[in-house]
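Please read the structure below before turning to the comments.
Below, chain A is the first sequence line, B the second, and so on; all start at residue 1.
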Protein chains: 2
Amino acid sequence: MTISKKSASVHQVEPDDKEPTSVAGLELENRLGYALRRAQLTVFKHFNEAMQAYEIRPAQFSSLVVIEGYPGITQTNLAKILDIDPPRIVSLINHLEERGLALRVRCKRDKRSHGIFLSKKGEALTEQLKALAEQSDIQATQSLSEIERRQLLSLLVKIYAPDTADE
Amino acid sequence: MTISKKSASVHQVEPDDKEPTSVAGLELENRLGYALRRAQLTVFKHFNEAMQAYEIRPAQFSSLVVIEGYPGITQTNLAKILDIDPPRIVSLINHLEERGLALRVRCKRDKRSHGIFLSKKGEALTEQLKALAEQSDIQATQSLSEIERRQLLSLLVKIYAPDTADE
DNA sequence: ACTATCTAGTTAACAACTATAACTATATGC
DNA sequence: GCATATAGTTATAGTTGTTAACTAGATAGT
């Protein structure tokens, strides 16, 4: 089936019958955006497989963990923390509420805002999911040592939250 | 405006009036998928700003660089390399062709397939964009040293292409 | 109290991206 | 020459991300 191994030759004028299979050697290999996206897709694929049985998507998982950590958080604050637009939060919480994992509590002092809490069921599930997510991370990064994994994590935090990166 | 600094207290039954602003301290901070996504969004934001004047989106940039490296590559192979579905390649190449940056050449041996080439204009633009992308990467990761940036890149390659990671 | 302005949440509309199925034209193997 | 496979394309639908606009309640000034 495979016709030939890739050769490094370049600058030809005829359609190419070789089968290059990676970006190795191209400038693309040095671009952080590209590498981040590809790595993210890899890790997300594992995550989604792990969560498939629970029908939990990445944004839902993140929300559950944040609500668990900040019970009574308002939707606005949740949106800020996760850097998600407020309209997206609405359907996210709707979904969690429909499944009986979270609930909105109208705030007495400011009747416009809702505090979000996990139900007992939501708390229990979140505990499970956190363990699952950790396993998924490890599986997705088999090619990394534990030290490298931690290194990677700390470099990533420096990028997306340079202020909070362990000082 | 700001009401109060976040306190670490948790497990309350009333809506929270504190304003947590990050995932610091939460389990989420240790999840690779989350960190990768947030970091990717950060880097992409810079990239998109840099490319805005040229109306080039990330996938288009990647395509240009791969076509430059493998002139005459078929759409199928381009799809494989970038891990994009074939239908998506079609509109991508259409767009590049409409802008006079790339062109399809029907392959003589296999009249089903097209070799894709950059036009002179496409080549010139790609050179410009590559330099721009590098600058954008650096700007997006000001909080990293050059060594850390290279470290990060190599860790990411290990994840998404464990076989080709510099052996 | 009365009005204007602000904010939290929501709804709706829309663009962008992803994934799938099906169609065409060639090509290949028996 | 017939059945099957492949490259590219088109069409379609589901998901996400983005923006604008609406409602209910809050706040400040007069």
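The phosphate of D:dG8 has neither OP1 nor OP2 within less than 4.0 Å of any side-chain N or O from B:R104. Contact annotation: B:T76 side-chain N/O to D:dG8 OP1/OP2 distance is under 4.0 Å.
Between the CD atom of B:Q75 and the C1' atom of C:dT24 there is a distance of 15 Å, given to the nearest Å. Atom CG of B:L41 and atom P of D:dT16 are 14 Å apart (whole Å). Atom NZ in B:K80 sits roughly 10 Å away from atom P in D:dT6 (whole-Å rounding). Between the CG atom of A:L96 and the C1' atom of C:dG9 there is a distance of 16 Å, rounded to whole Å. Rounded to an integer number of Å, the gap from A:R37 CZ to C:dA16 C1' is 12 Å. Atom C1' of nucleotide C:dG9 and atom CG of A:L92 are separated by 14 Å, given to the nearest angstrom. One can place CD1 of A:I73 at 15 Å from C1' of C:dG9, the figure rounded to the nearest angstrom. Following rounding to the nearest Å, B:I93 (CD1) and D:dT10 (C1') show an atom-to-atom distance of 16 Å.
Applying the side chain to side chain donor-acceptor pair (under 3.5 Å) test to residues at least two apart or on different chains, the pairs with a partner in residues 81-104 of chain A are A:Q60-A:H95, A:Q75-A:R104, A:N94-A:R104, A:E97-A:R104. The side chain to side chain donor-acceptor pair (under 3.5 Å) contacts involving residues 40-54 of chain B comprise B:Y54-B:Q128, where partners must be two or more places apart or lie in separate chains.
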In the 5'-to-3' direction, what one-character label does each nucleotide of nucleotides 22-29 of chain D receive under the scheme B = base within less than 4.0 Å of a protein heavy atom, S = sugar-phosphate only, - = no such atom? --BBS---
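Scored by the ring-ring contact (aromatic ring centres under 6.0 Å, His included) test, B:F44 finds no partners at all (sequence neighbours excluded). Taking B:E27 as the reference, B:R31 meet the salt bridge (Lys or Arg N to Asp or Glu O under 4.0 Å) condition, with sequence neighbours excluded. Listed by chain and residue number, A:L64, A:V65, A:E68, A:L118, A:K130 satisfy the side-chain contact (heavy atoms from CB on, under 4.5 Å) test with A:T126 (two or more places apart in sequence, or in another chain). Looking at residues two or more places apart in sequence or on another chain, you find no salt bridge (Lys or Arg N to Asp or Glu O under 4.0 Å) involving A:E134. Checked against salt bridge (Lys or Arg N to Asp or Glu O under 4.0 Å), B:R149 has the following partners two or more places apart in sequence or in another chain: B:E146.
In this structure, A:F47 has its ring center closer than 6.0 angstrom to the ring center of A:F61.
Residues from residues 82-90 of chain A lying near DNA chain C, meaning a heavy-atom separation below 4.0 Å, are A:P86, A:P87, A:V90 in numerical order.
In this structure, the side chain of A:S136 does not engage the main chain of A:L132 through any donor-acceptor pair within 3.5 Å.
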